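Residue numbers begin at 1 in each chain, while the letters A, B, ... track the order of the sequences. Remember, it's a predicted structure, so these values are computed and weren't measured experimentally.
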2 protein chains.
Amino acid sequence: MTGRVSIIGLGPGNKAQRTPQATQVLARVTDLVGYGPYVQRVEAPAHVVRHSSDNREELDRARHALEMAQAGRHVGVVSGGDAGVFGMASAIFEAIQNGPAAWRSLDIEVIPGVSAVLAAAARLGAPLGGDFCVISLSDNLKPWSVVLQRLQLAAQAGFVIALYNPRSKARPWQLGEALAHLRHYAPATAPVAFARAIGRPDESVKISTVAEANAEWADMSTLVLIGCAASHTIERPDGQDPWIYTARTVAAP
Amino acid sequence: MTGRVSIIGLGPGNKAQRTPQATQVLARVTDLVGYGPYVQRVEAPAHVVRHSSDNREELDRARHALEMAQAGRHVGVVSGGDAGVFGMASAIFEAIQNGPAAWRSLDIEVIPGVSAVLAAAARLGAPLGGDFCVISLSDNLKPWSVVLQRLQLAAQAGFVIALYNPRSKARPWQLGEALAHLRHYAPATAPVAFARAIGRPDESVKISTVAEANAEWADMSTLVLIGCAASHTIERPDGQDPWIYTARTVAAP
């Protein structure tokens, strides 16, 4: 009996944004592994075993999935958005690299999904129209000094910056410090968007600027997008949300 | 009669990676606008009018779509991958910003898709496991000096770098110069992957390192992924392609 691990990006909360490939693979798994809310989000036949765990236990969860696959199970490891972008994919391969040699013979597949940054960008207009970067603001696994330096270099490069994990109850101060740091390097008038729970019933959007953005507007479900010199806000009539887009053309320095 | 523009990411070549939302919207359009190969890729009822154009005419194409929407049509503007990532979304909003005020009242929606970088990353393992950036190597719309500076700052930041548009018949030399430039700033042993036509029948992957990567391995259908110090290659038995992943943990500088 040959086991398998399928690492599956569920897409944003909206099921119409989950790919048919993800849905097809989910229909074949024997076990589901992941952070509780994602595991619960999946509809599955009664025989499928759900292994939910806490948000901070990625590596334990990865090893558990690999052990079950070695025992012949077909394990679906699920993440919101795309599993390769601050989801479970990296933890699975880290566990393989540091685990028994037999795990390198396992059948592992990664099924991509619509990541949160793409869903947020689509909701806002076209803020990723130029070169961009994606940064996790969590300092659980990297020094805060590295995060600040990356923000600085990204702004100096003229990238649009997408911030994952901007804020949580355990990390309330990082986003405020990040925004203060960015004010030294990013244009004051560049648009900043707070895109919360995009694709879910409680989605909301708030649009501001580098000069005026307030960290209090974010929570753990928010993706923060920081524009560059080529980013623009387009006002619209009748009280509709403005659009944000980044022009494709970059002027000579 | 109210017109609409739906800007739709078709996902990678593999139709199983196109979202149900994209498929549902495609079923309602009256017109399809886009670069020829993408417009031809869409199955549509016979009454749908296909407006194909050349790859370099984004802004003309955007204005044409907006004019048709203003005349009451429901125009589907299609891009491969995600339309917000070097696709048609930015051109549409640029046309709106510089066009007649009436266009700001149009109903515009952006339907996200699985972008090429996410599909390539999934095929390779988990190369985007840390912070990353996405850069178009084309110097059609930005100075080449800006591209080189962005590459340098991205490597100094420790980002994994995804390169779109690395090479075409009209731009044969940029990738070689970019790789030579990166050798000054990125670790020599960091993995580099050439992921070509992922999700299509002719897909192929080539894995190398920053020191040894060869620009000749890329063409206009290739996405090039350049690892960072935290990126690793996992060798596998039986001649299978190695996996590439980027560890989530970043060491103190």
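Proximity to chain B (any heavy atom under 4.5 Å) is restricted, for A/T246, to the backbone atoms N, CA, C and O. The contact between A/W103 and chain B is made entirely by backbone atoms, counting heavy-atom distances below 4.5 Å. Neither the backbone nor the side chain of A/T23 comes within contact range of chain B; no heavy atom of the residue lies under 4.5 Å from a heavy atom of that chain. There is no contact between A/I8 and chain B, counting heavy-atom distances below 4.5 Å. Contact annotation for A/V134: both backbone and side-chain heavy atoms come within less than 4.5 Å of a heavy atom of chain B. In this structure, no portion of A/A121 lies under 4.5 Å from any heavy atom of chain B.
Ranked by heavy-atom pairs under 4.5 Å with chain A, the list B/R150, B/Q17, B/Q21, B/E109 is led by B/R150. Counting heavy-atom pairs under 4.5 Å between each of B/I108, B/I7, B/I111, B/D131 and chain A puts B/D131 at the top. Taking B/L128, B/V114, B/I234 one by one and counting their heavy-atom pairs under 4.5 Å with chain A, the maximum is reached by B/I234. Chain B forms more heavy-atom pairs under 4.5 Å with one residue of A/E94, A/R236, A/R18 than with any other, namely A/E94. Among A/A252, A/A22, A/G125, A/A89, the residue with the largest count of heavy-atom pairs under 4.5 Å with chain B is A/G125. Contact count against chain A (heavy-atom pairs under 4.5 Å) is highest for B/A91 among B/G9, B/P12, B/S145, B/A91. For the set B/L141, B/L153, B/T19, the entry with the most heavy-atom pairs within less than 4.5 Å of chain A is B/L141. Between chain B and the options A/A154, A/P127, A/G158, A/A230, the largest number of non-hydrogen pairs under 4.5 Å is found for A/G158. If you tally non-hydrogen atom pairs under 4.5 Å between each of A/N140, A/T249, A/L118, A/V160 and chain B, the highest count goes to A/L118. Annotation: maximal heavy-atom pairing with chain B below 4.5 Å, among A/R123, A/E235, A/Q240, occurs at A/E235. Your options are B/G129, B/A162, B/A16, and the one with the most heavy-atom pairs under 4.5 Å with chain A is B/A16.
Between the CD1 atom in B/I226 and the CG atom in B/L182 there is a gap of 5.0 Å [rounded to 0.5 Å]. One finds the CD1 atom of B/I96 at 10.5 Å from the OG atom of B/S105 (value rounded to the nearest 0.5 Å). Annotation: the span from B/I207 atom CD1 to B/I244 atom CD1 amounts to 4.0 Å, rounded to 0.5 Å.
Shortest non-hydrogen contact noted between A/A65 and A/V75 is O-CG2, 3.6 Å. Minimum interatomic distance between A/C228 and A/F159 (heavy atoms only, all atoms of both residues): CB-O, 4.0 Å. In terms of heavy-atom proximity, A/A178 sits nearest to A/L151 at CB-CD1, 3.5 Å. The two residues B/W243 and A/R104 have their closest heavy-atom pair at CH2-O, 3.8 Å.
Checking side-chain atoms of B/Q152 against main-chain N and O of B/L148 turns up no donor-acceptor pair under 3.5 Å. A/R171 contributes a side-chain N or O that, together with a main-chain N or O of A/N165, makes up a donor-acceptor pair within less than 3.5 Å.
B/V147 has its side chain out of reach of B/Q174: every pair of non-hydrogen atoms, C-beta onward, lies at least 4.5 Å apart. At least one side-chain heavy atom of A/K142 sits under 4.5 Å from a side-chain heavy atom of A/S136.
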